[in-house]
Protein chains: 2
Amino acid sequence: MNICSYTIGGMARTQGSHSDITGPRIRAVALQLFAQHGFAAVSMRQIAKEVGVQAGALYNYTPDKQSLLSTLMEEHMRDVLAAWQARRVETAEAGAQAQLENFTRFHIRFHMERPDAVFIAYMELRNLSEDNFMTVEVLRRSYETELQRILDEGVASGVFTVRDTKVATLAVIAMLNGVMTWYRSGGRLSLEEVETAYWDMVRKAVSG
Amino acid sequence: MNICSYTIGGMARTQGSHSDITGPRIRAVALQLFAQHGFAAVSMRQIAKEVGVQAGALYNYTPDKQSLLSTLMEEHMRDVLAAWQARRVETAEAGAQAQLENFTRFHIRFHMERPDAVFIAYMELRNLSEDNFMTVEVLRRSYETELQRILDEGVASGVFTVRDTKVATLAVIAMLNGVMTWYRSGGRLSLEEVETAYWDMVRKAVSG
DNA sequence: GTTTTATATGAACATTTGTTCATATACCAT
DNA sequence: ATGGTATATGAACAAATGTTCATATAAAAC
């Protein structure tokens, strides 16, 4: 009796579609594309195409493009903090030097496993609204404070010699982040060797 | 006798216009906007508006948008290299340690005077065509090689203790570049103090 | 089996994009 | 003064942009 609607191709919900699958897929694709081309250079249609969906469907998962970015960044920062809180206990009772080694090796390994998220978290801050920026910034500071606490502790106990622990904190993190711009697995050095090389430099840099 | 053309507002070459002025203005504006918002997020019309000109006029100075970016990046890399070649002579006869201090202080100060160019040169590589990318990459490598040469020399003469000078080179440069993400003149520390703090860490990191 | 809800489509929208071009005016050499 | 060249305008273009919405179907609940 419905003479008007002659649905040629499927134009509605697709078979097997589920938000528990599509949602993460969208975020994963967006993460990779944002890292590769930059937030502004990636269109919603590119993301949708890679996910295998029409652009309109993305708006079941994010109110707008910028929220997609800020969600990714916040998720990443919370992941970093949570992972460190879990690993921190390994050296909770140890001296500052052991804590610093733990932090150094953790930072390199954890960040190396998520180069896209790291890249975005450091490079796309300018595309965030003020509110979202503040949220991410607070999380980042709180991660940096973890390192600074270790340095302060080491200075207090005399094992480290650092004039300004704030500057040292930023210097160390910048140095460690640099790994991600050049390291490729399967290269000349193993990740273990890289960890050790950087730990060597970090240790000496903050010692007497 | 020309009854059709009734030129209301001036619609042609403007008074005082000269390529020696407009050209550099365009590059300066583009540099600042690219650094602030990212290459892809800045439109030719935004640049033109800031320069005080119509978008079409930009194409007297660049064949397209991407060339504008790659020109800026190549100019910056050549500036860095030229400035270092000039400053390098100061410690050409000196030992590796003096050379490294010279390099460290030079790098921080020079880059601090051009935060926009530095930011672009490190962040917008992905927006370059393969050819332009290679050109910039070669220049960057050649700057890094300058530092590596100093480290190699120091290792050879026994004043430095570094397992892998390539890794150390990248680590030091990453650390120094980090300054630009947080230092603001008029803050807690003077540029001289920052230079010294970083030199302190660099020296210790590569020493025994 | 029927109803309700979750998840997609695909067309439409107003803007904005990079770029081109015919044309107009200012500047400079003669 | 005059003519040639350098430097701008402003309109136009097709393509792409983020976002919305009525609608259609699959999946889940009953």
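Any value given below was found using the heavy atoms of this structure, including those in side chains, with hydrogens, waters and symmetry copies removed. First the proteins, then the strands, lettered A, B, ... as listed; each starts at 1.
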Sequence neighbours excluded, which residues qualify as ring-ring contact (aromatic ring centres under 6.0 Å, His included) partners of A/Phe106?
A/Trp84, A/Phe110

Can you list every side-chain hydrogen bond (donor to acceptor under 3.5 Å, both in side chains) pair that touches residues 162-177 of chain A, not counting sequence neighbours?
A/His107-A/Asn177, A/Tyr122-A/Asn177, A/Gln148-A/Thr165, A/Asp152-A/Thr165, A/Asp164-B/Arg188

Heavy-atom protein contacts under 4.0 Å, nucleotides 13-19 of chain D, coded B base, S sugar-phosphate only, - none:
----BBB

note: B/Ile21, atom CD1; C/dA26, atom P; distance rounded to Å ~ 16 Å

Taking side-chain hydrogen bond (donor to acceptor under 3.5 Å, both in side chains) as the cut-off, I'd like each qualifying pair that reaches into residues 46-66 of chain B, sequence neighbours left out, listed once.
B/Asp64-B/Ser67, B/Gln66-B/Asn132

Rounded to the nearest Å, what distance is computed from the CG atom of residue A/Leu58 to the P atom of nucleotide C/dT9?
9 Å

Taking salt bridge (charged side-chain N to carboxylate O under 4.0 Å, His left out) as the test, write out the residues that go with B/Glu124, two or more places apart.
A/Arg126

Starting from C1' on C/dT19, measure out to CG on B/Leu68 and report it in whole angstrom.
14 Å

N/O-N/O pairs, protein side and nucleotides 26-30 of chain D side, under 3.5 Å:
residue: D/dA26; atom: N3; partner: A/Arg13; partner atom: NH1; Å: 3.4
residue: D/dA27; atom: OP1; partner: A/Gly16; partner atom: N; Å: 2.6

Would you call A/Arg109 and A/Glu113 a salt bridge, using N to O less than 4.0 angstrom?
no

Of the candidates D/dA24, C/dA8, C/dT25, the side chain of B/Ala12 sits closest to C/dT25

Got a sec, which residues hit salt bridge (charged side-chain N to carboxylate O under 4.0 Å, His left out) with A/Arg78, two or more places apart in sequence or on another chain?
A/Glu74

Atom-to-atom span, CZ of A/Arg25 to P of C/dA8 - whole angstrom
11 Å

Whole-Å distance separating the CG atom of B/Asn60 from the P atom of D/dT5
16 Å

D/dG10, C/dA8, C/dT7: which one has an atom nearest the side-chain heavy atoms of A/Val53?
C/dA8

Contacts of type salt bridge (charged side-chain N to carboxylate O under 4.0 Å, His left out), residue A/Arg114, not counting sequence neighbours
none

Quickly work out the B/Ile47 CD1 to D/dA8 C1' distance and round it to whole Å.
17 Å

Please table the atom pairs, donor to acceptor, closer than 3.5 Å between any side-chain atom in residues 24-32 of chain A and protein atoms at least two apart or in another chain.
residue: A/Arg25; atom: NH2; partner: A/Val51; partner atom: O; Å: 2.7
residue: A/Gln32; atom: NE2; partner: A/Gln36; partner atom: OE1; Å: 2.7

I need the NZ-C1' distance between B/Lys49 and C/dT16, as an integer number of Å.
13 Å

Output yes when A/Glu101 and A/Arg105 qualify as a salt bridge under the 4.0 Å nitrogen-oxygen rule, no when they do not.
yes

